Structure formats: structure tokens, C-alpha cells
There are 2 protein chains.
Amino acid sequence: MAKEPASAPQRRPLTLRDVSDASGVSEMTVSRVLRNRGDVSGATRERVLAAARELGYVPNRIAGALASQRVNLVAVIIPSLSNMVFPEVLTGVSEVLEDTGLQPVVGVTNYSPEREEKVLYEMLSWRPSGIIIAGLERSPAARAMLENAGIPIVEIMDVDGTPVDNAVGISHRRAGRHIAEAIIAAGYRRIGFLGTMMPHDHRARKRLEGFEEALAAAGLHVEDREFYSGGSALLKGREMTEAILARSPDLDFLYYSNDMIGAGGLLWCLHHGIDVPAKVGLAGFNGVELVQGLPCHLATMDACRLEIGRKAAEIVAGKRLDGVTSGLVIELEPKLEPGDTIRRV
Amino acid sequence: MAKEPASAPQRRPLTLRDVSDASGVSEMTVSRVLRNRGDVSGATRERVLAAARELGYVPNRIAGALASQRVNLVAVIIPSLSNMVFPEVLTGVSEVLEDTGLQPVVGVTNYSPEREEKVLYEMLSWRPSGIIIAGLERSPAARAMLENAGIPIVEIMDVDGTPVDNAVGISHRRAGRHIAEAIIAAGYRRIGFLGTMMPHDHRARKRLEGFEEALAAAGLHVEDREFYSGGSALLKGREMTEAILARSPDLDFLYYSNDMIGAGGLLWCLHHGIDVPAKVGLAGFNGVELVQGLPCHLATMDACRLEIGRKAAEIVAGKRLDGVTSGLVIELEPKLEPGDTIRRV
DNA sequence: TTCTCGGCCGTTAACGCTAACATGCCACAG
DNA sequence: CTGTGGCATGTTAGCGTTAACGGCCGAGAA
């Protein structure tokens with residue numbers, strides 16, 4: 001870490017050369033000291049470090065990366081930062097990458113395939129040493145870029161599909177089925193769905209598909225549905241709940257595509273004296289921390305966000321015991337957290 | 001944007017040379033085409049683009065940056081991604097940078113000065129063309145690095161202090177005073193404070209200082225306080241509110257250091273039938289979207305997050321009409337949003 | 001004594017690209 | 001017919017660093 005340099009702000013940016021001049025050794029030796037690589041005597045090491053600190057020298061990784069053909073960056077490409085799920089995945093990634101010398105670099109696609117393509121291209125142009133990217137669905141061009149990148153790729157969040165290389169995630173289809181079965185088992189029969197309109201949120205779509213499959217298997221179906229896009233999810237949850245119950249007052253269960261709108265719905269029900277879970281049951285998805293703060297715990301399903309981040313990072317960092325960095329598919333098991341909004345049977 | 005290449009995954013990574021060979025022109029011409037710079041005839045342009053697409057070539061920005069001494073990256077260094085405030089700032093930054101060719105790169109410090117130093121060093125080693133960094137308080141080493149970087153620096157969120165170069169933010173001290181005055185004007189007298197324990201959240205500290213100043217000026221003081229660290233803020237808000245009201249049942253106002261714990265407190269009060277705002281008034285800080293989803297609107301103060309991100313990005317991008325990129329201090333005015341949790345006078 | 005060997009440090013040649021300049025060509029003016 | 005200027009392209013020389021190798025020197029082995 002650089003300490004404050006004694007010199008005034010310089011015009012010409014500092015190079016290894018400046019440090020080498022200041023310490024009377026070759027640039028190569030300075031480079032060795034700064035990277036802790038190769039043999040350097042304790043005395044010169046000290047001298048070089050002192051000079052570097054004195055000058056406030058910060059190595060130029062651009063030149064370093066070009067010369068060494070190595071870049072310590074891992075691209076992490078996610079759809080959004082406002083959906084708390086993704087910062088949590090990032091936390092898992094950072095944790096594992098922390099002591100590997102690798103560094104995550106985040107790109108955000110806003111659920112747009114075009115932006116994903118652009119972000120990916122941009123990222124690849126920095127020649128990262130690995131890519132962690134959300135989802136399995138992408139444009140042919142994006143897929144081709146991943147296939148040709150020649151670095152470890154990990155597609156995360158989802159395993160319902162064909163990964164380019166590795167995948168770490170849960171089966172959203174199965175998660176949807178699972179919760180539907182729990183709802184049916186609890187005796188609910190007239191079921192409504194509330195979700196987002198985003199056509200590119202494939203995971204929400206798959207959950208709904210799995211959900212409907214399980215209902216169908218029990219001779220049931222989604223009786224009414226309500227969609228939204230944009231805005232405060234919590235508020236939308238309130239509004240949508242009001243709307244769907246006004247339209248279909250007989251519904252006895254509301255399944256929300258995420259916890260945030262679920263929480264809004266729950267607050268609305270509580271505020272309007274609706275008996276949860278006796279008269280109406282509720283469930284969301286993701287297991288976000290927020291639901292723990294509500295007066296009544298929303299049923300939800302943990303999406304294993306932290307673990308997904310960790311496992312993905314382990315793969316790109318080559319940290320797995322078996323050393324495998326290609327062709328892996330790791331399916332995690334989301335746990336149903338019944339909370340207080342599903343009847344106990 | 002690259003389309004899918006016909007070739008199989010190559011061993012040797014592609015270079016300009018491969019494209020130049022494939023299209024029968026010099027590397028320089030390929031470079032010109034790919035960067036849209038200099039004169040190239042329409043015919044060769046097409047030929048080159050076709051070859052590049054065919055091969056799936058992605059330019060190597062590392063080499064490009066080294067040769068041109070220009071890097072299209074802007075480092076954005078923030079304390080956290082889980083506090084929704086920062087993703088929102090990022091949104092503002094991205095919006096403005098979108099059509100400038102610049103790209104934000106995020107670094108997270110977790111409110112730790114040591115990590116900030118490390119992240120900053122790391123970022124500087126990529127020679128970004130600008131830095132946007134949260135807060136004004138930092139280690140001497142970090143400050144020195146900023147001073148010597150020789151690029152536009154914008155310190156954001158806060159203007160109560162001495163910026164290294166530019167600053168865009170609000171005065172948290174003044175914001176604290178402002179809300180205290182509103183509380184006093186509404187007739188509240190026995191005031192409690194609930195906040196975070198983080199010693200490095202200087203902005204929360206300054207708000208509290210301003211808050212206490214204004215109370216003192218009116219002959220009042222904070223009668224009780226409650227601190228937390230970590231965990232679900234919403235849940236903590238509930239618990240802390242219960243604790244402080246159990247200990248000091250006479251309090252008639254609770255000031256929360258952020259909206260999240262404020263929301264938890266509000267939910268607790270509503271759930272326990274406490275008359276808000278008649279018996280107890282509440283206020284938070286930040287104006288996060290979430291509060292709009294609550295059954296009753298928490299009083300809050302907008303921290304101008306989006307605007308801060310935009311203005312900061314405009315400075316580093318040299319987008320200001322006056323062209324100034326140095327020595328600016330832009331103070332934004334946070335608006336008090338009284339909501340439903342402060343008595344109307 | 002000579003020979004090896006390992007620790008320490010320097011030299012050279014890339015890495016893949018672009019700035020700057022050079023070149024060839026053609027149209028058009030004189 | 002020659003000169004001139006602009007367009008289209010090529011050539012050269014780095015950018016700041018590191019890989020690879022080479023050299024020197026002193027200590028211990030033969």
C-alpha cells in the first residue's frame with residue numbers, strides 16, 4: 001500500500017523507471033520486489049519499497065497484464081443491482097476471491113439481452129481470467145463469445161437449461177413445483193399468481209411454469225393472475241394484492257414471484273384484517289433478509305444466493321479440490337421456509 | 001458487437017493480425033475500422049468488419065490502453081452494495097456515462113478505511129480516467145493517492161469537509177438540523193435516536209451531530225438512544241424500537257439514522273397500536289423507495305442519490321457546460337418529505 | 001585449486017495495440 | 001503536362017511491464 005509521497009503532484013506519470021532510478025537498481029528488480037517474485041536480497045527489497053513509497057508509485061497493471069498475458073480480473077455479469085439477490089451473490093463471490101489475488105468486476109445488463117451482449121464484449125476486451133454470468137438464456141452472439149473466450153465460464157442462478165461450460169444454481173422449475181405441492185398439501189385450492197412482467201426474467205418464468213405443472217398434476221390451475229413492471233416492488237405488491245382480491249375474492253392463496261411484492265401483499269392483508277394464513281395463504285420467493293423484519297413471516301424459498309456466489313467463484317479460481325474448472329453443473333437445493341403465511345397441516 | 005464465429009474455439013487468442021490476414025489489409029487499417037477513427041473506404045471497412053465478425057475477434061483493450069495511454073474506465077468506490085443508496089447512485093452515474101464511451105467500474109470498501117486504501121490502489125493501477133468515491137474522510141495514504149492520481153476526482157454524498165478535488169453531495173449536518181427543526185416545530189419534545197454503530201459511517205454521524213445541535217439550540221436534547229450493527233435492518237428497527245420504548249416510554253419522537261430501521265420501527269408501532277404520529281412521531285433518512293410501500297408513509301429526507309451520481313459523472317466525463325473538472329463543490333438540497341409520521345401543525 | 005551451484009541482479013525481447021508520420025494514388029487547377 | 005492537395009493505406013516506434021535467459025560472485029565440494 002502506498003503511503004503519502006513527499007513529492008508534489010507530478011506531470012509525467014510515474015513508471016518503474018522512476019523507482020529504479022531512485023533506488024539504484026534495475027527496473028526488473030523493482031518489478032520483482034513489487035510483485036514479491038524471484039530472488040531479491042532483503043536490503044535491496046527495503047530500498048526499493050522505500051523509494052516506491054516515497055514517490056507514491058502505483059504499478060501499471062495495463063502494462064503488466066500485457067507483458068505477462070495474465071489479468072487478475074473475474075467478470076461478474078448480472079441483470080440488476082436493485083434486486084438484492086445479486087449483491088448477495090456478489091458477496092459470496094468476493095468472499096471466495098478475496099485471498100486468490102483475483103478481483104471481481106461487475107457488469108449490469110438490466111435484463112436486456114442487447115446490453116448483456118455489449119457488457120460481455122466490453123468485459124472480454126479486458127481479457128478477464130474467468131466469467132460468472134447470471135442465467136442460461138442469451139443471444140447466439142453472446143453464447144458464441146462465451147464459447148470462444150477460452151476461459152472458465154460459470155453460468156449462475158439457474159440449472160434448467162444447457163450451460164456453455166459450468167453452471168451453479170437451483171432449478172427454478174423444481175422450486176415452483178415444490179412450493180405448489182406445499183400449498184396444495186396445506187389444503188389451499190383457489191390459487192392466484194402475482195408476478196413481474198419482465199419477459200427476460202427467465203427464472204421467474206420457469207418458477208411459474210413449474211408451479212403450474214404441479215397444480216395441473218393435482219387437477220388445479222392458477223385462477224387469476226396479476227402482473228406489474230417497474231416501480232417500488234413493495235408498493236406494487238400492495239396494489240396488485242388489492243386488485244386481484246377485488247377481482248377474485250374467492251382466492252385462498254397468493255403466490256408472488258418474489259419476496260418484495262410478497263411482503264407488500266402481506267402488509268396489505270395485515271392492514272386490512274385479512275386472516276393470514278387461515279383465509280388467505282401467501283408465499284414469495286428468494287428468502288431475502290427483509291422478510292424477517294415483517295410482523296409476520298412470509299413463506300418463501302431460499303435461493304441459495306451466497307452459496308451460488310461462493311461455488312461459482314471457487315470454480316473460476318480453480319479452488320475446487322478436484323481441480324475441475326469445466327463442464328460442472330452444481331445444483332443447489334432451495335429450502336422452503338414456511339414462515340407464518342401457510343396453514344400448518 | 002461480435003456475431004457467432006464460424007470457426008471452432010481457437011487455442012491461440014486472436015489478435016489484430018489475424019483479422020488483418022483474413023481481410024488482406026494492414027493491422028493499422030483494421031484498428032482504424034474497429035475504432036471508427038481515421039479515413040477508411042466503405043469497401044474495406046465492410047471487408048474488415050466481416051472478417052472480424054467471422055473470426056469472433058474481440059479487441060484487446062489492454063494493449064489498446066497501453067498504446068494510446070487512454071483508459072475508458074471510471075472508478076466508482078462505495079462502501080456497500082446492500083445499502084440501496086449506493087446502487088441508486090450507480091444508476092445515476094451509469095446513465096450519464098452511457099453515451100460518453102466511459103465505463104464505470106465499481107469497488108466496494110465495506111466502510112473500512114483499510115479496504116478503501118486497497119481498493120483505491122487496485123483501481124489506480126488500471127489508470128482509470130476518473131474517480132468517483134464516497135465520502136470525504138479517508139486515510140492519509142488514500143488521500144495522497146487521490147491527490148497524485150492526476151485525474152478528475154469527485155468525492156460524493158457529503159460536502160461537510162475538505163474535498164481533495166471536486167465534491168457533489170448534501171450537507172448531512174444541515175440535514176440533521178433541518179429535520180430536528182421540523183420535529184420541534186411539530187411540537188415534539190422528548191426525542192429518542194436510533195442508529196447504526198458503524199464508526200466509519202461518517203455521514204450518519206454528521207446527521208446526528210446536526211440533529212443534536214438543533215435540539216440544543218431549542219433547549220432540548222436526545223433523551224435516549226439505541227444502536228445496532230449488522231443483521232436485517234428492518235428487523236433491527238423493530239427490536240430497537242421495542243427496546244427504547246420499553247426503557248423510555250415517555251418518548252414522543254423517534255429519529256432513525258436510516259429509512260430501513262425507521263420502517264421496521266414504524267411497522268412495530270402500527271402492529272402494537274401505537275398512535276402514529278399523535279402519540280409518537282417517527283422519521284428516517286434517505287428517501288428509499290421502500291417506504292412508499294408501507295401502510296403509512298414514514299417521514300424521511302431525500303438524499304438526492306440519483307442526482308449525485310449524475311452530477312459526479314458529468315464532472316469526470318467533462319460534460320459540464322463550463323468545462324470545469326476541478327475544484328468544484330456542488331451542494332444539493334435534500335427535501336424533507338413529512339409523510340404521515342410527523343404531526344401536521 | 002578448480003568446479004559447481006545457487007542467490008542475486010541485469011539485459012533483451014516481446015505483449016498487442018495505436019500515434020505519428022510516410023507513401024501512393026487520383027482528381028483537378030494552372 | 002506538371003504540381004498540389006486530400007484521401008486511403010502502410011510503416012515505424014514506442015506504451016510500461018514481465019518472461020526468459022545470462023552473468024557474476026562467493027561458498028562449499030571434489
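Order of the sequence lines sets the chain letters (A, B, ...), proteins ahead of strands, with each chain counted from 1. No experiment lies behind these values; they were computed from the predicted model shown.
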Item to complete: Among A:His202, A:Glu117, A:Glu155, find the one that has a side-chain contact (heavy atoms from CB on, under 4.5 Å) with A:Arg138.
Response: A:Glu155
Discussion item. Contact list please: residues 38-47 of chain B against DNA chain D, heavy atoms, distance less than 4.0 Å, in numerical order.
Written reply: B:Asp39, B:Val40, B:Ser41, B:Thr44
Worksheet item: Under the 3.5 angstrom rule, does the side chain of B:Arg47 hit a backbone N or O of B:Ser23 as a donor-acceptor pair?
Response: yes
Discussion item. Under a 3.5 Å distance rule, please check whether B:Asn166 uses its side chain to pair with a backbone N or O of B:Thr325 as donor and acceptor.
Written reply: yes
Worksheet item: With distance as the sole test, does B:Asp322 use its side chain to make a donor-acceptor pair with the main-chain N or O of B:Val324 at under 3.5 Å?
Response: yes
Worksheet item: When you look at A:Arg12 and A:Asp18, which way does the salt bridge (charged side-chain N to carboxylate O under 4.0 Å, His left out) test go after all the steps?
Response: CA-CA 10 Å; A:Arg12 187 179 47 75; A:Asp18 297 287; 2.9 Å; yes
Response to the item:
Minimal heavy-atom distance between A:Ala142 and A:Leu120, with the atoms involved, is O-CD2, 3.6 Å
Worksheet item: Can you find a side-chain donor-acceptor pair between A:Thr44 and A:Ser41 that sits under 3.5 Å?
Response: yes
Response to the item:
Given protein heavy atoms under 4.0 Å, the one-letter contact record of nucleotides 14-21 of chain D, with B base, S sugar-phosphate only and - none, is simply BBBBBBB-
Worksheet item: Taking the side chain as C-beta and beyond, is there a heavy-atom pair between A:Val154 and A:Ile133 under 4.5 Å?
Response: no
Discussion item. With a cut-off of less than 4.0 Å, is there a side-chain N or O of B:Thr29 near OP1 or OP2 of D:dT9?
Written reply: no
